[in-house]
Asks: 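Once you've had a glance at the structure underneath, I'll fire off some questions.
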Amino acid sequence: MEKRIAIAIDGPAAAGKSTVAKAVAKRLGFIYIDTGAMYRAFTWYVMHKGLDPKDEAASCSLIPEVDIDLRDDGTVLICGHDVTRAIREPQVSGNVSYIASYKEIRLALIEMQRILATRGSVVMDGRDIGSYVLPNAQVKIFQIASVETRAERRYKENVEKGIPTSLEDVIADVKKRDYIDSHRDFDPLTQAEDAVPLDTSYMTIEESVDAVLKIVKEKVGVSPIC
Ligand code: CDP
């Protein structure tokens, strides 16, 4: 049996990880797993149930009933609801870091993520993939970019998706999430010791994808299939 390869791409909010990770997975023929979408879906569900995402006990009480399905075409389902678009809305972005700071919720989602990673070779992006979820990943990348670049990229994405936000609000959201994500007690956003830092501030998407593919080639000798 061929050896499974795991590529972990971590980094702060809106660093372009998902875009790059998705493209890298496609070029390599690997499975792409967007762990941020799982935290976002959980957050949407807490709000859908009329609960306050800042209430840890109430949010955690939903763990037994939560079922998340990440489809190959990018569709995200939680308990049968298609939340693909809704999880990108500002209300979800503004609350997701509270949900992601609850240990019980993290442990439940991390268990799902580890199961997904047994399905084949994967590219998984998030905050803690190289440091906690898949510590044995053969390739670990920590993707960064300046706050301004990240906020501008996310603002443009929102405009393209028809999600109403202002650049100022996006800057505030990115800064707030970075702060909460890197200061939570359990499993904070952190660069794994053996991760390769990749600053994409002045790179296009194609250049970022090529840079990751080059690191993959150097580390595990795998080349793109397309
Ligand atoms: O795409 P963006 O960088 O905006 O965020 P995301 O990857 O969709 O993640 C949304 C939020 O989920 C983050 O701000 C974190 O609070 C949380 N998250 C996490 O804690 N751990 C992960 N592995 C992935 C996301």
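Counting starts at 1 for both ligands and their atoms, in listed order. Keep in mind it's a predicted model, so treat the numbers as computed, not measured.
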Asks: Charged N to carboxylate O under 4.0 angstrom, R177 versus D173?
Replies: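 Looking at D173 together with R177, the answer is yes, because their closest N to O distance falls below 4.0 Å.
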Asks: Mind jotting down which protein residues get a heavy-atom contact under 4.0 Å with ligand 1? Chain and number order, please.
Replies: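 Residue list for ligand 1: A13, A14, K17, T35, G36, Y39, R40, R88, V96, S97, A100, R106, G126, R127, D128, I129, R154, R177, D181, R184.
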Asks: Do the side-chain N and O atoms of Y45 and E65 include a donor-acceptor pair separated by under 3.5 angstrom?
Replies: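 Yes, side-chain donor-acceptor contact under 3.5 Å.
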Asks: Establish, from distance only, whether the side-chain atoms of R27 and S223 form a donor-acceptor pair under 3.5 Å.
Replies: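 No, no side-chain donor-acceptor pair sits under 3.5 Å.
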Asks: I'd like to know if D10 pairs up with R127 as an ion pair, taking the criterion as any Lys NZ or Arg NE/NH1/NH2 lying under 4.0 Å from an Asp or Glu carboxylate oxygen.
Replies: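 Between R127 and D10 there is no salt bridge, as every charged N stays at least 4.0 Å from the carboxylate O atoms.
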Asks: Sequence neighbours excluded, which residues qualify as ring-ring contact (aromatic ring centres under 6.0 Å, His included) partners of H48?
Replies: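 For H48, the residues satisfying ring-ring contact (aromatic ring centres under 6.0 Å, His included) (neighbours in sequence not counted) are W44, H81.
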Asks: Check whether the side chains of S18 and D125 place a donor and an acceptor atom closer than 3.5 Å, and report yes or no.
Replies: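 Indeed, the side chains of S18 and D125 share at least one donor-acceptor pair under 3.5 Å.
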